[in-house]
Amino acid sequence: MKKPLLLNLLALSVATAFHAQADTFPDPVGPSQSDFGGVGLMQTPTARMSPDGEFSLNYRNNDQYRFYSASLQLLPWLETTVRYTDVRTRQYSSNPGFSGSQSYKDKSFDFKLRLLNESYWLPAVAFGTRDLGGTGLFDSEYLVASKAWGPLDFTFGIGWGYLGNSGTLTNPFCSASESYCKRPSGGTAGAINGSQMFHGPMAPFGGVEYQTPWQPLRLKLEYEGNDYRGDFAGKLKQTSKLNVGAVYQLNSWTELNASYERGNTFMFGVTLHTNFDAIQPGHVDSPKPDYRPDPQDAMLEPSVVASQLGDLKYNAGLNAPRIQTQGSTLYVSGEQVKYRDTREGIDRANRIIMNHLPAGIDTLDVTESRANMPQVTTRTDVASLRQDLAGYPLGQDRPLRQQRVDPVDPGTTEQGYFIRKSRFSYYLSPVLNQSIGGPESFYMYQLGVMGGADYWLSDHLLVGGSVFANLTNNYNKFNYDGLSAYHGLARVRTHIRQYVENKAYVNDLQANYLGYLGNGFYGQLYGGYLETMYGGVGGEVLYRPIDSNWAFGIDANYVRQRDWDDMMRFTAYKAPTGHLTAYWRPWFMQDVLVKASVGQYLAKDKGATVDISKRFDSGVVVGAYVTKTNVSAEEYGEGDFTKGFYISVPLDLFTTTPNRGRAQINWVPLTRDGGQMLARKYQLYNLTSDRDDRFN
């Protein structure tokens with residue numbers, strides 16, 4: 001079962017229109033996209049890269065193919081593309097009872113690496129690959145160079161495979177081994193196979209893109225190295241190797257594309273794009289408190305304290321705020337529920353306190369918590385803060401003396417004031433579960449409503465649950481019968497159709513005991529119905545030093561499969577499952593998180609999962625993961641191993657007021673049984689994100 005989604009990819013791109021200036025023609029955001037997705041001319045790539053963080057959704061259509069692709073400039077030197085190709089001339093399966101009348105769909109993944117930046121004399125140079133592994137309908141490798149001359153951008157490249165099918169050049173690797181003279185055909189859908197790289201035919205390609213004097217319009221001309229003989233859609237007639245096209249920039253987030261290719265075929269399409277680094281929220285927020293210190297010892301006045309507590313909650317975003325003093329230190333604590341950038345909340349809290357600071361206080365400690373677990377204390381020297389707020393005389397600027405330390409518990413203090421935290425909370429939200437690219441149906445979905453409630457029995461014991469009401473779905477088309485079961489692999493996820501057929505069910509119902517163990521350690525114990533398909537008991541411990549590039553965690557669980565016919569009961573299947581996980585932010589790429597887990601999965605297979613994600617300046621996180629276990633490709637079924645992509649979007653990009661909510665968009669090509677993790681409701685690394693000042 002996929003995780004709940006509040007947005008889909010199309011809505012994400014369209015929503016960026018609110019940040020666009022549609023009444024004018026903005027400067028081009030960067031190089032245009034090719035038919036296959038990724039920067040290029042039409043059928044061929046160029047060496048150009050989009051601006052860092054550029055995200056494009058592309059659709060192209062002709063008589064033989066429809067191309068649906070998403071391209072992301074993941075790093076300044078790395079372009080990634082995921083694509084589905086609808087082969088209009090072929091059926092997905094010869095068995096109409098399995099795939100119906102669905103046309104053939106091909107999944108593929110591309111990447112392009114920049115090898116050389118363009119200079120005054122030298123061109124930009126890139127290496128790339130298309131359709132890496134899998135069925136290999138369009139698999140290609142290429143070296144390409146691009147050089148700009150005024151409004152003209154020239155490209156020349158050499159391609160192998162699909163890009164070089166005409167074979168007008170001799171493959172130099174043939175001299176090393178005859179095996180390079182022929183390209184292996186076919187492959188397993190979803191599998192990665194690099195053995196065909198640089199094999200087979202080779203041909204040149206190139207072209208030019210012209211920025212016309214009319215800014216919205218760009219024209220393209222290309223020469224391609226493909227001859228289309230033996231094309232999967234059928235032998236396609238090619239009366240010319242020259243293709244011509246045009247790109248019209250409708251507004252800052254939409255481009256229309258049209259081309260005439262092979263001398264006989266029209267191609268048209270649209271590109272929607274945004275930049276994950278450039279999106280900025282437009283919030284209506286209360287102003288920061290002015291610095292107007294009260295010379296009186298106002299903290300002794302209950303009315304002033306009440307006002308400060310209110311400001312801490314509503315202006316600084318600290319839920320259930322508490323003010324305490326002990327000796328020469330004033331302590332403020334609460335849960336940051338308003339600002340993704342917690343530094344904003346700290347700054348506002350310090351201003352609020354400084355305006356009514358008691359005499360004799362020389363240190364402010366502001367402690368943030370989440371799920372009643374203290375995260376970090378920001379300690380500020382009062383003298384330096386006072387000078388910082390008042391402004392230094394010209395030429396006498398001094399740094400603010402402030403540091404982040406492990407959370408400080410002042411214990412019993414000389415005096416304390418607080419707003420009590422509500423122990424009960426509830427929510428109601430729409431949910432879209434979806435699966436894209438399955439052989440039975442290209443798009444399967446489940447639309448429903450999730451309602452839930454939580455109650456804190458104590459400061460550490462949380463009980464809660466949620467009920468899902470199914471409004472509509474088409475998972476009746478999911479015909480996979482768990483082939484892996486015939487090879488001894490339990491059906492731990494492929495009963496999805498039976499689960500979603502329930503009109504309403506308890507999605508989860510569990511008790512959690514969460515706490516800070518001290519010295520950077522956090523822990524939790526939990527039990528109950530843990531997710532849609534499994535219930536049981538488990539625990540997790542995480543070690544995460546303050547503002548560190550690394551962390552370690554371990555979780556252990558014993559679960560039973562819930563009965564899809566009566567979801568308050570269990571089937572006979574049970575399994576221990578758990579993982580040891582390491583988290584690492586490389587010092588040379590601080591916006592990238594590498595997460596590696598090893599352990600036992602739900603089907604009792606053993607292996608590892610590697611998850612790599614990047615956080616952009618807007619707060620959008622894009623990631624991909626692969627899981628490989630001791631399950632053979634035959635046991636696993638189509639796809640060979642588990643893999644997927646996701647985008648985590650801060651909701652405050654689309655709201656008028658600040659908030660810390662997120663929506664996650666997931667894409668998993670196939671639902672299979674190998675390499676499946678328990679979908680735990682709470683994960684300590686996510687609950688302790690405030691431990692890292694750089695990423696929220």
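These figures come from a predicted structure and were not determined experimentally.
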Exercise. So do the side chains of Gln446 and Phe468 get within less than 4.5 Å of each other, counting heavy atoms only?
Worked result: yes
For this session: Could you go through the side chain to side chain donor-acceptor pair (under 3.5 Å) check for Thr688 and Arg691 one step at a time?
Result: CA-CA 6 Å; Thr688 59; Arg691 297 279 290 180; over 6 Å; no
Problem set entry | Under-4.0 Å salt bridge between Asp277 and Lys614 | no
For this session: Flag the pair Ile612 / Val592 as yes when at least one side-chain heavy-atom distance between them is below 4.5 Å, and no otherwise.
Result: yes
Problem set entry | Value rounded to 0.5 Å, distance of OH in Tyr529 from CG in Leu509 | 7.5 Å
Problem set entry | Spacing of Ile496 atom CD1 and Thr494 atom OG1 [to the nearest 0.5 Å] | 9.5 Å
Problem set entry | Main-chain N/O of Val626 paired to Asp611 side chain as donor or acceptor, under 3.5 Å | no
For this session: Can you see which heavy atom on Tyr601 is nearest to which on Ala608, and at what distance?
Result: OH-C, 3.1 Å
For this session: Mark yes or no: Arg130 above the aromatic ring of Phe36, with NZ or CZ under 6.0 Å from the six-membered ring centre and no more than 45 degrees from the axis.
Result: yes
Exercise. So how far is it from Met533 CE to Leu678 CG, rounded to the nearest 0.5 Å?
Worked result: 11.5 Å
Exercise. Less than 4.5 Å apart, any side-chain heavy atom of Asn61 and any of Tyr59?
Worked result: yes
For this session: Show your working on side chain to side chain donor-acceptor pair (under 3.5 Å) between Thr571 and Gln561 and close with a plain yes or no.
Result: CA-CA 6 Å; Thr571 70; Gln561 190 175 51; 3.3 Å; yes
Exercise. Partners of Arg90 by salt bridge (Lys or Arg N to Asp or Glu O under 4.0 Å), sequence neighbours excluded?
Worked result: none
For this session: Please examine the side chains of Tyr68 and Asn58, heavy atoms only from C-beta on, and report whether any two atoms are closer than 4.5 Å.
Result: no
Exercise. Where do Val541 and Tyr522 land on the side-chain contact (heavy atoms from CB on, under 4.5 Å) test, with the steps shown first?
Worked result: CA-CA 6 Å; Val541 174; Tyr522 291 82; over 6 Å; no
For this session: Begin from the C-alpha positions of Val620 and Leu653 and carry the test side-chain contact (heavy atoms from CB on, under 4.5 Å) through to its verdict.
Result: CA-CA 9 Å; Val620 171; Leu653 295 179; 3.8 Å; yes
Problem set entry | salt bridge (Lys or Arg N to Asp or Glu O under 4.0 Å) partners for Lys421, two or more places apart | Glu335
Problem set entry | Arg544 to Tyr685 six-membered ring, cation-pi geometry met (6.0 Å, 45°) | yes
Problem set entry | Nearest heavy-atom neighbours spanning Leu428 and Val449 | CD1-CG1, 3.4 Å
Exercise. Are any of the side-chain nitrogens in Asp341 or Arg660 under 4.0 Å away from the carboxylate oxygens of its partner?
Worked result: no
Problem set entry | Verdict with supporting geometry, Ser597 and Lys595, side chain to side chain donor-acceptor pair (under 3.5 Å) | CA-CA 7 Å; Ser597 301; Lys595 177 182 173 183; 5.4 Å; no
Problem set entry | Thr642 versus Gln676, closest heavy-atom pair with distance | OG1-NE2, 3.8 Å
Exercise. How far apart are the C-alpha atoms of Lys604 and Tyr573, what are their side-chain angles, what is the distance that settles it, and do they pass the side-chain contact (heavy atoms from CB on, under 4.5 Å) test?
Worked result: CA-CA 11 Å; Lys604 301 179 183 177; Tyr573 183 75; 3.7 Å; yes
Exercise. Parallel under 30°, tilted from 30 to 60°, perpendicular over 60°: which one fits the rings of Tyr455 and Phe424?
Worked result: tilted
Problem set entry | Rounded distance [0.5 Å steps], CG in Asp690 versus CE in Met373 | 10.5 Å
Exercise. Using the benzene-type ring in the case of Trp, are the ring centres of Trp253 and His273 under 6.0 Å apart?
Worked result: no
For this session: Can you see which heavy atom on Gln336 is nearest to which on Gly345, and at what distance?
Result: NE2-CA, 3.6 Å
Problem set entry | Approximate separation, where rounding is to 0.5 Å, of Phe645 CZ and Leu72 CG | 11.0 Å
Problem set entry | Beyond-backbone contact of Tyr682 with Asn512, side-chain heavy atoms, under 4.5 angstrom | yes
Problem set entry | Heavy-atom pair with the smallest gap, counting every atom of Met567 and Asn502 | SD-ND2, 3.6 Å
Exercise. Would Glu368 and Gln375 count as having a side-chain donor-acceptor pair, cut-off 3.5 Å?
Worked result: no
Problem set entry | Heavy-atom closest contact (Phe552 atom, Leu542 atom, distance) | O-CD1, 3.3 Å
For this session: Using a strict cut-off of less than 4.0 Å between a Lys/Arg side-chain nitrogen and an Asp/Glu carboxylate oxygen, indicate whether Lys681 and Asp508 qualify as a salt bridge.
Result: yes
For this session: Could you label the plane-to-plane angle of the Tyr443 and Tyr445 rings as parallel, tilted or perpendicular, counting under 30° as parallel and over 60° as perpendicular?
Result: parallel
Seminar exercise, completed: Sequence neighbours excluded, the answer for salt bridge (Lys or Arg N to Asp or Glu O under 4.0 Å) partners of Asp110 is Arg83
Exercise. Hey, are Arg60 and Ser69 close enough side-chain-wise for a donor-acceptor pair under 3.5 Å?
Worked result: no
Exercise. Aromatic rings His460 and Tyr513: how do their planes relate, parallel, tilted or perpendicular, breaks at 30° and 60°?
Worked result: tilted
Exercise. Roughly how far, to the nearest 0.5 Å, is CG of Leu514 from CG of Leu684?
Worked result: 7.0 Å
Exercise. Taking Tyr104 as the fixed residue, which of Phe232, Tyr65, Tyr84 is the one that meets the ring pair (Phe, Tyr, Trp, His ring centres under 6.0 Å) rule?
Worked result: Phe232
Problem set entry | Contacts of Tyr314 that satisfy side chain to side chain contact (heavy atoms under 4.5 Å, CB included) - sequence neighbours left out | none
For this session: Run the numbers on Val610 and Tyr625 for side-chain contact (heavy atoms from CB on, under 4.5 Å), then give the verdict.
Result: CA-CA 5 Å; Val610 176; Tyr625 63 89; over 6 Å; no
For this session: Quick one: do Asn372 and Tyr516 satisfy side chain to side chain donor-acceptor pair (under 3.5 Å)? Show the steps, please.
Result: CA-CA 9 Å; Asn372 286 341; Tyr516 176 55; over 6 Å; no
For this session: Please test Asp86 against Arg66 for salt bridge (Lys or Arg N to Asp or Glu O under 4.0 Å), starting from the C-alpha separation and ending with a verdict.
Result: CA-CA 5 Å; Asp86 180 2; Arg66 295 187 185 97; 2.9 Å; yes
Exercise. Which residues satisfy the salt bridge (Lys or Arg N to Asp or Glu O under 4.0 Å) test with Asp617, sequence neighbours excluded?
Worked result: none
Exercise. Is there a donor-acceptor pair closer than 3.5 Å between any side-chain N or O of Gln64 and the backbone N or O of Ala233?
Worked result: no
Problem set entry | salt bridge (charged side-chain N to carboxylate O under 4.0 Å, His left out) contacts in which one or both residues fall within residues 551-578, not counting sequence neighbours | Asp555-Arg680
